[in-house]
Peer 1: 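Below is a structure I'd like to ask you about.
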Amino acid sequence: MEGLEQAGVPVLGVNQKIVDELEDRDLFYRFMEKVQAPHIPGLTAFGPNDLLDKACQVGYPVLLRPSYVIGGRGMVILSSRKELEHYMAESLTNISYPILIDAYVPGTEAEVDVLTDGENVLIPGIFEHMEKAGVHSGDSTAVTPPYSLSTATKNQLVDYTKRIAQAMDFKGIFNIQFVINGGDIYILEINPRASRTVPILSKVYGIDMVGVAVKLMLGNQLSELGLETGLLPETAYYTTKAPVFSTIKLAGVDPLLGPEMKSTGEVISMAESVEKGTFKATGIKIKPGDEIFCEIDRENWDSFQQLSDLLYEAGAILVSDQQRFGRCFGLTLVSSYGEWLQSKHASILISIGDPGNTSGKEKRLSAIRHGLTVLTEWTQVKAILRAEKTEEEPGPIGEWLRKNERSGVH
């Protein structure tokens with residue numbers, strides 16, 4: 001873009017200054033302070049010793065990221081100084097300084113796609129991610145309207161969005177990702193472009209977002225186009241976006257979810273409840289007699305305790321090859337993981353460690369090769385436990401839009 005501007009070629013809607021302000025972390029932090037919006041705490045390191053010192057200042061776990069990230073490339077979550085030292089030793093020639101150190105906040109992630117004329121904003125809907133922050137948005141299962149956010153939280157997201165739009169020299173579509181942790185809201189990132197959720201919002205809210213964005217970039221105002229401003233009323237149904245992975249065809253790609261995007265596509269479902277929408281989007285529902293292999297590190301045993309009873313209630317048979325772990329939770333012990341994979345009842349592998357922990361990769365890859373479901377986040381397990389099986393046949397999106405008309409949404 002800088003080259004186009006220097007050559008005198010106009011770029012509609014955005015300029016290099018805005019791109020730098022949102023992508024360069026130091027400039028981004030200053031911008032957040034200007035609009036009085038909270039951002040994820042972070043520092044910039046300029047060398048190996050500086051990285052070790054500042055990671056300690058930020059506090060573990062930390063997320064390392066270069067500027068101008070595309071698809072999460074080069075991002076990694078680390079839970080301790082030992083992990084950071086190991087990462088530095090393994091990646092000595094690949095670390096490009098300066099490098100950004102963000103605090104890892106394992107809260108709920110939400111995002112909005114925004115149409116703006118530079119002053120007013122139109123937000124068709126808010127997506128709430130099922131996976132906790134730290135998983136790339138492209139690999140998250142996301143639902144609109146949000147199913148757990150309070151009205152106060154949604155109003156605050158809209159307020160921050162308006163402040164940001166009015167402070168940018170920008171017209172068209174942009175995307176904001178938020179992290180909600182208890183009563184705190186943080187701006188994770190702002191993308192001055194259309195995101196992957198734009199076509200979904202356009203379909204389920206009946207708005208040609210790209211067509212409107214082009215008119216806004218050409219100088220039209222939202223009011224001139226006869227459009228509402230602010231956050232639109234929520235739909236009378238839930239839309240679930242679920243990622244599609246090609247790990248079965250891409251040998252060696254670990255299905256472990258993290259900050260680097262691995263999905264190759266996505267599907268959407270529309271349903272009157274989040275539970276039915278989850279099943280329609282993923283097709284996964286635990287059946288009585290399903291055997292679930294549990295590979296849980298010691299730090300996550302307490303979290304496992306909270307879900308193991310629910311898994312048993314769903315009729316699952318929980319198995320492990322770790323004697324101490326298995327005995328603590330009443331799991332069925334198997335002689336080896338490889339032997340269990342051959343069982344006709346083998347169904348799901350739950351493989352969960354601390355943020356950034358990549359151990360267990362071979363077991364996950366073996367499960368994928370055997371056509372099993374692999375879950376690497378507690379939120380995935382909870383979503384499947386909530387999923388409600390339905391025989392409802394797919395229908396045209398127009399029928400769902402008419403539900404909005406009958407309910408008075410539009």
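Excluded from the calculations below are hydrogen atoms, water molecules and symmetry mates; all remaining heavy atoms, backbone and side chain alike, are included.
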Peer 1: Can you find a pair of side-chain heavy atoms, one from V210 and one from V198, that are under 4.5 Å apart?
Peer 2: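 Counting from C-beta outward, V210 and V198 do come under 4.5 Å.
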Peer 1: Take D113 and F174, measure what side chain to side chain contact (heavy atoms under 4.5 Å, CB included) needs, and give me the verdict at the end.
Peer 2: CA-CA 6 Å; D113 290 297; F174 70 97; over 6 Å; no
Peer 1: With a cut-off of 6.0 Å (strictly less than), are more than 12 heavy atoms of other residues, nucleotides or ligands near CD of E299?
Peer 2: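 It does: E299 CD has more than 12 such atoms within range.
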Peer 1: Per the side chain to side chain contact (heavy atoms under 4.5 Å, CB included) rule, which among D297, N300, L256 passes with I352?
Peer 2: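 Exactly one option meets the side chain to side chain contact (heavy atoms under 4.5 Å, CB included) with I352, and it is N300.
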Peer 1: Between I18 and D169, what is the shortest heavy-atom contact and its length?
Peer 2: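 Heavy-atom minimum between the residues: CD1-N, 3.5 Å.
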Peer 1: Y60 and Y104: aromatic ring centres closer than 6.0 Å?
Peer 2: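 Distance test on ring centres: not under 6.0 Å, no.
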Peer 1: Working note: L149 + L157, criterion side chain to side chain contact (heavy atoms under 4.5 Å, CB included); need CA distance, chi angles, decisive distance, verdict.
Peer 2: CA-CA 10 Å; L149 302 185; L157 299 185; 4.2 Å; yes
Peer 1: Write down the atom of L331, the atom of F304, and the distance for their closest heavy-atom approach.
Peer 2: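 Between these two residues, the closest heavy atoms are CD1-CE2, 4.0 Å.
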Peer 1: How long is the straight-line distance from CD of E109 back to CD of Q177, given to the nearest 0.5 Å?
Peer 2: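 The distance works out to 5.0 Å.
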Peer 1: Are S263 and D139 close enough, and set up right, to give a side chain to side chain donor-acceptor pair (under 3.5 Å), and what steps lead you there?
Peer 2: CA-CA 6 Å; S263 62; D139 290 351; 2.9 Å; yes
Peer 1: With a 6.0 Å cut-off on ring centres, are F178 and Y186 close enough?
Peer 2: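 No - the distance between ring centres of F178 and Y186 does not fall below the 6.0 Å cut-off.
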Peer 1: Hey, are H129 and E111 close enough side-chain-wise for a donor-acceptor pair under 3.5 Å?
Peer 2: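 Indeed, the side chains of E111 and H129 share at least one donor-acceptor pair under 3.5 Å.
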Peer 1: What are the two closest non-hydrogen atoms of I292 and A316, and how far apart are they?
Peer 2: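 Scanning both residues completely, I find the closest heavy atoms to be CD1-CB, 3.7 Å.
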Peer 1: Should T373 and I348 count as side-chain neighbours, where that means a heavy-atom distance under 4.5 Å?
Peer 2: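 Side-chain contact under 4.5 Å: yes.
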Peer 1: Would a distance-only check, ignoring hydrogens and angles, find a side-chain to backbone donor-acceptor pair under 3.5 Å from D20 to K17?
Peer 2: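 Not a single qualifying donor-acceptor pair exists.
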Peer 1: Work out which heavy atom in A387 is nearest to a heavy atom in I284; give both atom names and the distance.
Peer 2: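 Between these two residues, the closest heavy atoms are CB-O, 3.9 Å.
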Peer 1: Would you compute the distance between atom CG of L64 and atom CG of D102 and round it to the nearest 0.5 angstrom?
Peer 2: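 Between L64 CG and D102 CG, I get 9.0 Å after rounding to 0.5 Å.
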Peer 1: Angle class for the F325/W301 ring planes (parallel below 30°, perpendicular above 60°, tilted otherwise)?
Peer 2: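 Plane angle between 30° and 60°, so tilted.
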Peer 1: Run I350 and I296 through side chain to side chain contact (heavy atoms under 4.5 Å, CB included) and show every step you take.
Peer 2: CA-CA 8 Å; I350 299 177; I296 316 295; 3.8 Å; yes
Peer 1: Using a cut-off of 6.0 Å, state whether more than 12 heavy atoms not belonging to K241 lie near its atom NZ.
Peer 2: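 Yes.
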Peer 1: Under 3.5 Å, is there a donor-acceptor pair linking the side chains of S137 and S140?
Peer 2: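 Note: S137 and S140 side chains miss the donor-acceptor criterion.
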Peer 1: Write down the atom of C294, the atom of Q322, and the distance for their closest heavy-atom approach.
Peer 2: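 So the minimum-distance heavy-atom pair works out to O-NE2, 4.4 Å.
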Peer 1: Distance under 6.0 Å and angle within 45° of the ring axis: does K363 meet both against Y337?
Peer 2: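 Ring-cation test returns yes.
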Peer 1: Counting only heavy atoms not in K34 (residues, nucleotides, ligands), do more than 12 fall under 6.0 Å from its NZ?
Peer 2: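 Yes, enclosed.
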Peer 1: Does NZ belonging to K280 count more than 12 external heavy atoms closer than 6.0 Å?
Peer 2: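 Atom NZ in K280 is crowded, with more than 12 foreign heavy atoms closer than 6.0 Å.
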Peer 1: Just checking, any donor-acceptor pair under 3.5 angstrom between side chains of D302 and Q306?
Peer 2: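 No donor-acceptor contact under 3.5 Å links the two side chains.
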Peer 1: Tell me whether the rings of W340 and F293 are parallel (<30°), tilted (30 to 60°) or perpendicular (>60°).
Peer 2: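 Answer is tilted, since the angle falls between 30° and 60°.
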Peer 1: So which atom in P233 and which in Y205 form the shortest heavy-atom distance, rounded to 0.1 Å?
Peer 2: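 P233 and Y205 have their closest heavy atoms at O-CE2, 4.0 Å.
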Peer 1: Would you say that E266 contacts I200 through its side chain, given a criterion of any heavy-atom pair below 4.5 Å between the two side chains?
Peer 2: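 The answer is yes, as the side chains (C-beta and beyond) meet within the 4.5 Å cut-off.
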Peer 1: Going by atom types only, do E128 and T108 share a side-chain donor-acceptor pair under 3.5 Å?
Peer 2: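 No donor-acceptor contact under 3.5 Å links the two side chains.
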Peer 1: Taking side chain to side chain contact (heavy atoms under 4.5 Å, CB included) as the criterion, tell me which of P106, S79, S80 meets it with P61.
Peer 2: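 Only one of P106, S79, S80 forms a side chain to side chain contact (heavy atoms under 4.5 Å, CB included) with P61, namely S79.
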